[in-house]
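Working notes, structure below.
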Amino acid sequence: MQEFKAKAKTTQKMTRDGVVETNQATGEQTRKSQRETDDFSGDATENMTEKALNRAATERQRHKAKKRRRKAKKDAKQAAKAAAQPQASRLQFKEEERTDPELAKYVKKSEKAADRLEAAREKIPKQKRIKAARKFDEETGRAKTRLYFEKTDKPPNGKLHHNPADRPVREIKNYVHGKVGEVEKDNSGVEGAHKSEKLAERAGGYASRKLKEGYRSHKLKPYREAAKAEAASQKADTNYLYHKTLKENPELASNPLSRFHQKQQIKRQYAKDLRAAQKAGKTAGKTAGAAKNARKAAGKAGEATKKTTDFIARHWKGILTVGVFLLLIVMIFTGLSSCAAIIQGGVSSVLGTSYTAEDEAIREVEADYKELESGLREEIADIETDYPDYDEYQYHLDEIGHDPFALASYLTAKLYDYTREEAQAEIQALFEKQYTLALREEIQTRYRTETTTDPETGETTTEEIPYDYYILHVTLTNKNIKTLAGELLTPEQKEMFDVYMETKGNKPDVFGDDYATGTPGSGEYTDYEIPPEALSDERFAAMIAEAEKYLGYPYVWGGSSPSTSFDCSGFVCWVINQSGVGSVGRTTAQGIFNYTTPIAPGEAKPGDIIFFTGTYDSGSAVSHVGIYAGNGMMIHCGNPISYASVNTPYWQSHFYSYGRLP
């Protein structure tokens, strides 16, 4: 008789080594999983730990990117909501309300806020839409449809668009980094290159994100300003209505808590009335337009899906072949990913530190700014012609000039990308901030001696006759662009400005080789005509002839020759040595002071050296030096080399001493 034997009971469970099957009758265990057993010893443990850390870092970056997309989407939604709101009509005020002392201040604030709101809405980009209007013709008895263009606010587009290729590329990068991490411990060169690659990827990604965020923020700025102005206008209107209510109902003004509650009630009622007015004017057209757009979008989506499905069905072999080919390309270039990542990071870094405007636009804007400075020079030169009725003119003038790279860096940080036309308003505002020209009249009472003789007695009488002496003080203050950048730019824009100044926008030759090498005339400078009697001194004539060769050369820290241009001490040393009046070598401003003999200001004459202190932290008493040219003028290496008045408030506050050459 055949003996039947029951099948042994088995169970399966997941362990660290994979799926394990256990025979409950015999206790025998069999490993069913086909994957390799993890090795938790030695280098393998370190590799797994590093892979886990890399994976965690990648997920953290993905989470941050998701938060940025969510924030950008929220900002765009708020901007779109602000743009979609119709322009709120401003409050209308009666003449008695405008003249009422208690309400005039609040009327003025309300109108000012409304003006700002209108100006902010005008800056929102506009678009034209074709509209249809039906009109009944009484003569023909028919209705006619007329098409016309309606100008409306352009909706903002500040969303962060997700690239579908980001996730596959990220997975490939993680796979490659993991494989390299498994073997990098065996070769220190590979390990160093791998860490450099990851650092370059992070730097490139950071620069790319900042550029995109800055561009989106710039595009959404008009909508943010409009929303801000809308809130300020509503606040001013509410404040006016509140004070008007108090004036009409004095019994309401009881205590601070009650007044606050009443003001909040007025504010809520005003907002409710505003929303009701907007809804009454926009609801019907908006609902109909939304339904029409929804039907149109649904039709387009269905048509696109059908076309895509038909194309895949007809060309499935070709698509499969292309997919296999792309897979092979990915496998071949996996080993070159390190070089590619480094190059990508380098390119991103260069793009993030470069001027974004076209070279031609940068040069045209620089020429426009120089034109403004030339106009300022002409205005100062015509002072005595335009104001002729003064006995004396005293000039206290800072130098006129700027660093062209500072101007280009400022505009790039402020406007990101710009053309000549787009930059006009900004350079005009910057010019007005940089230069301040002030005229001040001073009237002095002076006395002149008059002698008269009595014709009868012949007696002579002398007396002092007072008269008014008119002096016009002309003061020009130059606040350089680097200082203004810290005041006018946001912290993020100031960081970008500093980067552009450090790298010169990766376009050091954008203003031509003349500026870089310091060719005479390459920079705008203040000229001065030396009196002929001063040139009778042969030593001074030799010095000034040599010094004027380099008018317009730019200031270059440490420069000491025409090939490199000059700094202040390098310029004075070069003039002394080359003119033959002395031999001082190459030394600092303090060294030149030690070489000369100090003299009193009243003894100074053309050809003496003038010294200044505290112009910067030089570590010595003397920090700046120039050559005195007489009549309160000096020639020195500012930026560029130029003549300047030593009687301006700035130079007077830093004056140290005069010195005479041996």
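Inspection of the Gln444 and Asp468 side chains reveals no N or O donor paired with an N or O acceptor under 3.5 Å. Side-chain contact check for Tyr470 and Glu441: no donor-acceptor pair (N or O, by modelled atom type) lies under 3.5 Å. In this model, a donor atom of one side chain and an acceptor atom of the other lie less than 3.5 Å apart for Glu432 and Gln428. Judged by distance alone, the side chains of Glu366 and His402 do bring a donor and an acceptor atom under 3.5 Å apart. Side chains of Gln434 and Asn480: no donor on one and acceptor on the other come within 3.5 Å.
From Asp115, atom CG reaches atom CD of Glu111 across 7.0 Å, with rounding to the nearest 0.5 Å. The CG atom of Leu439 sits 8.0 Å away from atom OG1 of Thr475, with the distance rounded to the nearest 0.5 Å. How far NZ of Lys109 is from OG of Ser233: 14.0 Å, rounded to the nearest 0.5 Å. In this structure, the separation between NZ on Lys504 and CG on Asn506 is 12.0 Å, given to the nearest 0.5 Å. Put simply, CZ on Phe431 and CG on Leu407 are 11.5 Å apart, with the number rounded to the nearest 0.5 Å. With rounding to the nearest 0.5 Å, the separation of CG in Leu476 from OG1 in Thr648 is 9.5 Å.
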Give the C-alpha distance, both sets of side-chain angles, the deciding distance and a yes or no for side-chain hydrogen bond (donor to acceptor under 3.5 Å, both in side chains) between Glu495 and Gln493. CA-CA 5 Å; Glu495 289 181 5; Gln493 292 172 342; over 6 Å; no
Check the pair Lys433, Glu487 against salt bridge (charged side-chain N to carboxylate O under 4.0 Å, His left out), reporting the backbone distance first and the verdict last. CA-CA 10 Å; Lys433 291 285 187 181; Glu487 300 175 0; over 6 Å; no
Worked check of side-chain hydrogen bond (donor to acceptor under 3.5 Å, both in side chains) between Glu364 and Tyr369: CA-CA 9 Å; Glu364 288 175 346; Tyr369 205 81; over 6 Å; no
Apply side-chain contact (heavy atoms from CB on, under 4.5 Å) to Leu437 and Ile380, showing your working. CA-CA 9 Å; Leu437 181 62; Ile380 295 174; 4.2 Å; yes
So Thr615 and Ser623, side-chain hydrogen bond (donor to acceptor under 3.5 Å, both in side chains) or not? Walk me through it. CA-CA 6 Å; Thr615 55; Ser623 61; 2.6 Å; yes
Evaluate Ile362 against Tyr418 for side-chain contact (heavy atoms from CB on, under 4.5 Å), listing each step before the verdict. CA-CA 9 Å; Ile362 295 175; Tyr418 59 89; 3.6 Å; yes
Full working for salt bridge (charged side-chain N to carboxylate O under 4.0 Å, His left out) between Arg363 and Glu360: CA-CA 5 Å; Arg363 287 190 287 266; Glu360 187 65 23; 3.6 Å; yes
Stepwise side-chain contact (heavy atoms from CB on, under 4.5 Å) test for Glu373 and Tyr435: CA-CA 9 Å; Glu373 292 177 333; Tyr435 296 104; 2.6 Å; yes
Verdict with supporting geometry, Ile471 and Tyr393, side-chain contact (heavy atoms from CB on, under 4.5 Å): CA-CA 6 Å; Ile471 302 174; Tyr393 300 86; over 6 Å; no
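Evaluation of the ring pair (Phe, Tyr, Trp, His ring centres under 6.0 Å) test over residues 109-135, restricted to residues two or more places apart or in two chains, returns none.
Looking at Ser110, its side chain never comes within 3.5 Å of a backbone N or O of Tyr106 through a donor-acceptor pair. A donor-acceptor pair is defined here as one N or O able to donate and one able to accept, closer than 3.5 Å; no such pair exists between the side chain of His624 and the backbone of Phe612. For Arg440 (side chain) and Val474 (main-chain N/O), no donor-acceptor pair under 3.5 Å exists by modelled atom type. Put simply, the side chain of Ser642 never gets that close to the backbone of Gly638: no donor and acceptor are under 3.5 Å apart. At least one donor-acceptor pair closer than 3.5 Å links the side chain of Ser653 to the backbone N or O of Pro649.
In summary, the aromatic rings of Phe511 and Phe405 are positioned with their centroids under 6.0 Å apart.
Among all heavy-atom pairs drawn from Ala120 and Glu225, the shortest one is CB-O, 4.0 Å. Nearest heavy atom pair, residue Ala232 against residue Ala113, reads O-CB, 4.1 Å. The heavy-atom pair separating Val365 from Ala423 by the smallest distance is CG2-CB, 3.9 Å.
Between Arg377 and Ser374, the closest side-chain pair of non-hydrogen atoms falls below 4.5 Å. Under the 4.5 Å side-chain criterion, counting only non-hydrogen atoms from C-beta, Arg420 is in contact with Asp368. Lys221 places none of its side-chain heavy atoms less than 4.5 Å from the side chain of Lys123. Residues Tyr410 and Leu489 are in side-chain contact: their nearest non-hydrogen atoms beyond the backbone lie under 4.5 Å apart. Side-chain contact between Leu415 and Glu422 is absent, with no heavy atoms from C-beta onward closer than 4.5 Å. The shortest distance between side-chain heavy atoms of Ile443 and Tyr469 does not fall below 4.5 Å. Residues Asp403 and Lys482 form a side-chain contact, since some pair of their non-hydrogen atoms from C-beta on lies under 4.5 Å apart.
Under a cutoff of 6.0 Å and an axis angle of 45°, Lys507 and Tyr355 do not form a cation-pi pair.
Other residues, nucleotides and ligands place no more than 12 heavy atoms under 6.0 Å from the CD atom of Glu358.
Note on Lys414 versus Glu426: salt bridge recorded, some NZ/NE/NH1/NH2 to OD/OE distance being below 4.0 Å.
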Name each donor-acceptor pair under 3.5 Å that joins a side chain in residues 381-388 to protein atoms two or more places apart or in another chain, with its distance.
unit_1, atom_1, unit_2, atom_2, d
Glu384, OE2, Tyr395, OH, 3.0

